[in-house]
Enquirer: 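Shown below is the structure under consideration.
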Amino acid sequence: MRYIEDYANNHFAMEEKYMKELEYPEYGLHKAEHEKVILNFSGLKPELEKIKISGSFAGSYELSVATDQMLVDWLLDHIAKVDKKLADFLNE
Ligand SMILES: [Fe+2]
Ligand SMILES: [Fe+2]
């Protein structure tokens, strides 16, 4: 979970830097998409901690896998749609 989270954060920061530098017209929209997933993801974290503390390791593992999967699915969707648009712009 840490790994995929760090990956997403670094990836977003890099994209936002490029968008700003190149005055990408959809910067606001794209950044909002990034913020949405960060928020959703951080909302799940306290739940994950609670389960860990309660000692239900099986549940904690399952939730951790589900959370990772959610983020991966979201990233793939974002890359296919929102990032594709940015890539087209950068290639112009
Ligand atoms: Fe991306
Ligand atoms: Fe992006």
Side-chain angles (χ1 to χ4, degrees):
M1 179 157 155
R2 258 258 63 97
Y3 172 77
I4 183 81
E5 197 184 352
D6 285 346
Y7 172 82
N9 281 327
N10 289 332
H11 181 94
F12 293 166
M14 197 183 69
E15 279 184 10
E16 286 165 18
K17 185 175 164 271
Y18 282 134
M19 287 192 282
K20 237 173 149 171
E21 277 173 13
L22 299 163
E23 294 173 4
Y24 183 53
E26 290 186 32
Y27 172 76
L29 273 173
H30 196 136
K31 191 172 162 46
E33 283 280 325
H34 291 168
E35 279 163 1
K36 207 165 69 188
V37 77
I38 291 169
L39 216 75
N40 284 340
F41 196 65
S42 56
L44 285 170
K45 276 205 286 193
E47 289 306 313
L48 203 57
E49 285 309 308
K50 258 190 262 168
I51 290 172
K52 269 185 199 160
I53 290 162
S54 76
S56 168
F57 291 111
S60 139
Y61 176 74
E62 277 159 23
L63 187 59
S64 166
V65 169
T67 313
D68 271 359
Q69 194 53 54
M70 189 199 81
L71 190 58
V72 169
D73 287 347
W74 184 90
L75 274 175
L76 291 177
D77 187 68
H78 178 81
I79 290 164
K81 293 173 187 161
V82 185
D83 286 350
K84 172 77 172 61
K85 256 179 150 178
L86 174 60
D88 291 343
F89 172 82
L90 295 176
N91 285 329
E92 269 169 23

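What you see below is based on every heavy atom in this structure, not just the backbone, and it leaves out hydrogens, waters and symmetry mates. Quick note: residue numbers are just sequence positions, from 1. Source: prediction; values computed, not measured. Every number for a ligand or one of its atoms is a count from 1 in the order of the listing.
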Enquirer: Can you name the N/O/S atom of His30 that is nearest the Fe ion (ligand 2)?
Expert: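 Of all N, O or S atoms in His30, the Fe ion (ligand 2) lies closest to NE2.
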Enquirer: Measure the CE-CG distance between Met70 and Leu75 for me, rounded to the nearest 0.5 Å.
Expert: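 The CG atom of Leu75 is 9.5 Å from CE of Met70, to the nearest 0.5 Å.
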Enquirer: Provide the tally of protein N/O/S atoms nearer than 2.8 Å to the Fe ion (ligand 1).
Expert: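 Protein N, O or S neighbours of the Fe ion (ligand 1) under 2.8 Å, waters not counted, come to 3.
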Enquirer: Measure the shortest side-chain to side-chain distance between Phe12 and Glu33 over non-hydrogen atoms and say whether it is less than 4.5 angstrom.
Expert: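 SC-SC contact between Phe12 and Glu33 ruled out.
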Enquirer: Just wondering, do Asp88 and Lys84 contact through their side chains at under 4.5 Å, heavy atoms?
Expert: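 In contact.
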Enquirer: Considering the options Glu16, Lys85, His78, which one meets the side-chain contact (heavy atoms from CB on, under 4.5 Å) requirement together with His30?
Expert: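 In the set Glu16, Lys85, His78, the residue that makes a side-chain contact (heavy atoms from CB on, under 4.5 Å) with His30 is His78.
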Enquirer: Indicate whether any N or O donor in one side chain lies under 3.5 Å from an N or O acceptor in the other, for Glu5 and Asn9.
Expert: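 No, no side-chain donor-acceptor pair sits under 3.5 Å.
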Enquirer: Under 4.5 Å between side-chain heavy atoms, chaining through other members, with only Ile, Leu, Val, Met, Phe, Trp and Tyr counted: pull out the rest of the cluster around Leu90, sorted by chain and number.
Expert: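 Leu90 clusters with Met19, Leu22, Tyr24, Tyr27, Leu86, Phe89.
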